[in-house]
Q: 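Sending over a structure as structure tokens; questions will come in a sec.
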Protein chains: 2
Amino acid sequence: MGLSYAEENYLKAILKLSGSPDGTVSTNAIAAQLDTSAASVTDMLKKLSDKELITYQRYKGASLSEEGQRVATSLLRKHRLWEVFLVQSLGMTWDEVHEIAEELEHIQSDRLIERLDNFLGHPKFDPHGDPIPNKQGRYTLRAQIPLSTLVSGQSGMIIGVKEDDSPFLKHLNDKGLSIGKIVRVLTIDEYDHGLLLRMEGDDVVLSGQVADHILVKPVA
Amino acid sequence: MGLSYAEENYLKAILKLSGSPDGTVSTNAIAAQLDTSAASVTDMLKKLSDKELITYQRYKGASLSEEGQRVATSLLRKHRLWEVFLVQSLGMTWDEVHEIAEELEHIQSDRLIERLDNFLGHPKFDPHGDPIPNKQGRYTLRAQIPLSTLVSGQSGMIIGVKEDDSPFLKHLNDKGLSIGKIVRVLTIDEYDHGLLLRMEGDDVVLSGQVADHILVKPVA
DNA sequence: AATATTTTTTAGATTAATCTAAATTGAGCT
DNA sequence: AGCTCAATTTAGATTAATCTAAAAAATATT
Ligand SMILES: [Mn+2]
Ligand SMILES: [Mn+2]
Ligand SMILES: [Mn+2]
Ligand SMILES: [Mn+2]
């Protein structure tokens with residue numbers, strides 16, 4: 001009946017990598033995303049294809065079927081709702097919740113998820129600023145651009161991150177950066193694109209690569 | 001490092017069946033508890049023994065080691081805390097949470113569980129009246145008392161029987177009584193201690209001797 | 001177009017968890 | 001002590017998920 005954790009993780013990886021809903025994803029990309037071997041990915045793609053959760057032809061990559069999309073989006077919904085719970089209700093930090101949600105997302109119970117959603121007040125975004133799909137799988141993308149694209153003098157509110165691995169988020173914590181904070185770009189280094197920011201009266205120095213993984217919404 | 005879900009479920013089953021902390025448990029008892037084959041149990045007992053989580057000698061049953069006890073009790077703690085969350089916070093019913101907690105108990109994060117415990121207000125019992133072990137694994141045995149000791153007006157949930165011979169159980173079936181049912185004592189006969197119960201809207205008459213062999217846990 | 005490189009698949013193993021059927025062991029009963 | 005039978009273990013398979021190494025296909029480079 002249900003899918004294994006492994007199958008679910010593959011579907012989620014394909015959704016994440018396919019950007020556009022029906023984008024095609026390569027074997028190696030999935031292998032990298034899931035830190036597994038390409039051979040294992042090929043095996044799993046065959047199985048998911050047999051179950052009609054993906055479209056797959058050898059050497060030509062995979063893409064989610066209608067049903068696969070539905071499942072993957074539901075996993076995203078569960079993952080992000082649990083993250084909200086962990087941060088909002090239990091007071092955990094945004095850098096420690098992803099790993100736990102990676103397990104919680106596999107818990108099987110529609111009733112549970114709908115009640116959790118209700119308990120949390122139907123949140124629209126997770127602690128990393130990612131949108132939470134509704135029951136029908138729909139979610140609003142929001143105008144978010146990398147901090148690195150702001151020009152000198154411009155301000156932006158931090159609304160998300162492109163990466164949610166622990167070390168990266170811990171680094172942001174160390175710098176005092178978090179969702180909702182407003183930063184103004186003071187200077188941008190011509191050579192390495194490093195930034196000098198002003199945030200809540202303090203100066204913050206940030207490398208270009210880090211700034212590229214922080215998503216902001218420009219503010220007046 | 002960590003144990004598999006299967007290994008954890010076996011440890012929990014052994015704890016449940018061993019009543020007294022270091023009681024010995026038979027292969028068949030575990031097989032029945034986990035609804036699996038005796039052959040599978042033997043395989044797993046060998047593995048758990050190799051990992052020194054249990055003491056096991058062929059044909060002689062198994063008992064938890066110090067470490068096995070620690071792990072099993074921690075699983076019980078997690079299972080029951082999650083059940084409290086599902087009922088208390090999400091408003092689910094006590095009959096639908098066990099299955100979900102059976103999955104949630106395997107989530108690996110000490111920090112998560114300590115925060116959940118704190119969020120719930122350090123509950124001492126789960127929705128079924130079972131005691132929740134504390135961080136050190138200690139817990140108070142649950143109050144299970146004969147139905148005959150309830151006073152008029154008091155309610156209790158049926159959690160077991162003192163006798164399990166066929167005629168007695170058939171009698172309970174005839175009365176509609178079964179594990180999990182909640183009964184309220186309406187009247188107690190002064191002379192022969194017979195009871196008039198209210199259960200799910202129906203009146204049930206019970207003799208004093210029968211009531212003495214039914215174990216209940218008082219409920220609010 | 002031919003060759004080199006990268007990507008992907010296949011072949012062949014391994015580990016974990018399970019099963020059924022057959023063999024073994026131990027416990028209770030003459 | 002020997003027999004019988006239930007409990008338990010072993011033998012031999014199966015399914016899922018994974019791996020490494022080798023082969024094949026697609027892509028890129030001369
Ligand atoms: Mn996952
Ligand atoms: Mn997230
Ligand atoms: Mn379980
Ligand atoms: Mn319970």
Side-chain angles (χ1 to χ4, degrees), chain A residues 1-14 17-19 23-64 68 71-72 75 102-103 105-108, chain B residues 1-14 16-19 23-64 68 71-72 75 102-103 105-108 164:
Chain A
M1 288 281 99
L3 302 173
S4 69
Y5 283 22
E7 290 170 324
E8 292 192 338
N9 284 334
Y10 272 90
L11 290 177
K12 210 156 56 84
I14 295 169
L17 294 169
S18 61
T24 205
V25 180
S26 77
T27 298
N28 268 359
I30 297 169
Q33 172 69 29
L34 295 177
D35 193 25
T36 190
S37 75
S40 299
V41 173
T42 297
D43 285 345
M44 183 60 91
L45 292 184
K46 279 185 213 157
K47 189 187 335 181
L48 294 175
S49 182
D50 286 347
K51 296 193 174 187
E52 304 195 358
L53 292 161
I54 63 172
T55 299
Y56 166 68
Q57 280 179 275
R58 1 206 276 309
Y59 293 105
K60 295 197 152 193
S63 63
L64 293 172
V71 174
L75 285 163
E102 202 56 51
E103 297 189 51
E105 69 192 1
H106 302 289
I107 302 292
Q108 271 304 1
Chain B
M1 284 286 97
L3 303 173
S4 69
Y5 283 21
E7 289 170 324
E8 292 192 338
N9 285 335
Y10 273 89
L11 291 176
K12 211 155 58 83
I14 295 169
K16 178 169 189 177
L17 294 169
S18 63
T24 203
V25 180
S26 78
T27 299
N28 269 358
I30 298 168
Q33 173 69 28
L34 295 177
D35 193 26
T36 190
S37 76
S40 299
V41 174
T42 298
D43 285 346
M44 184 59 92
L45 291 183
K46 278 186 215 157
K47 191 189 331 182
L48 293 175
S49 182
D50 286 347
K51 295 192 176 188
E52 303 194 358
L53 292 162
I54 64 171
T55 300
Y56 166 67
Q57 279 180 275
R58 8 207 270 309
Y59 294 105
K60 297 200 152 192
S63 63
L64 293 172
V71 173
L75 285 163
E102 202 57 49
E103 298 188 51
E105 71 193 0
H106 302 288
I107 302 291
Q108 272 304 0
D164 52 10

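Naming convention: chains lettered A, B, ... in sequence-line order (proteins, then strands); numbering from 1 in each chain.
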Q: Would you please classify the geometry between the A:Y5 ring and the B:Y5 ring as parallel, tilted or perpendicular, with 30° and 60° separating the classes?
A: perpendicular
Q: Could you tell me whether A:E102 and A:K12 make a salt bridge, using a distance below 4.0 angstrom between a side-chain N and a carboxylate O?
A: yes
Q: Of all the heavy-atom pairs spanning A:A72 and A:L11, show the shortest one and how long it is.
A: CB-O, 3.7 Å
Q: Work out which heavy atom in A:G61 is nearest to a heavy atom in A:Y56; give both atom names and the distance.
A: O-CD1, 3.5 Å
Q: Test: side-chain hydrogen bond (donor to acceptor under 3.5 Å, both in side chains). Region: residues 27-46 of chain A. Which pairs qualify, not counting sequence neighbours?
A: A:S37-A:S40
Q: Looking only at non-hydrogen atoms, find the nearest pair between B:L34 and B:N9 and report the distance.
A: CD2-O, 4.0 Å
Q: Would you say C:dT7 has OP1 or OP2 under 4.0 Å from some side-chain N or O of A:S26?
A: no
Q: Starting at CG of B:D43 and ending at P of D:dA11, how long is that distance when rounded to a whole Å?
A: 11 Å
Q: Set out, line by line, the N/O atom pairs under 3.5 Å between protein and nucleotides 23-25 of chain C.
A:
residue	atom	partner	partner atom	Å
C:dT24	O2	B:Y59	OH	3.2
C:dT25	O4'	B:Y59	OH	3.2

Q: Select base, sugar-phosphate, or nothing to describe what A:Y5 touches, counting heavy atoms under 4.0 Å on all strands.
A: nothing
Q: Rounded to the nearest Å, what distance is computed from the CG atom of residue B:L17 to the C1' atom of nucleotide D:dA7?
A: 16 Å
Q: Compare every heavy atom of B:H106 with every heavy atom of A:E103, then report the nearest pair and how far apart it is.
A: OE1-O, 4.0 Å
Q: The side chain of A:Y56 is closest to which nucleotide in this list: D:dT8, C:dT9, C:dT18?
A: C:dT9
Q: Give the minimum heavy-atom separation between A:S63 and A:T24, together with the two atoms involved.
A: CB-CA, 4.2 Å
Q: Compare the minimum distances between each of D:dT10, C:dT10, D:dT18 and the side chain of B:K46, then state the nucleotide with the smallest one.
A: D:dT10
Q: Please report, rounded to the nearest Å, how far the C1' atom of C:dT15 is from the CE atom of B:M44.
A: 12 Å
Q: Taking atom P of C:dT8 as reference, at what distance in whole Å does atom NZ of A:K60 sit?
A: 13 Å
Q: If you draw a 6.0 Å radius around NZ in A:K60, do more than 12 non-hydrogen atoms from other residues or ligands fall strictly inside?
A: no
Q: Taking the minimum atom-to-atom distance to the side chain of B:N28, which one of D:dA7, C:dT9, D:dT18 wins?
A: D:dA7
Q: For DNA chain C, what residues of residues 33-42 of chain A have any heavy atom nearer than 4.0 Å?
A: A:A38, A:A39, A:T42
Q: Which whole-number value in Å describes the distance from A:L45 CG to D:dT18 P?
A: 12 Å
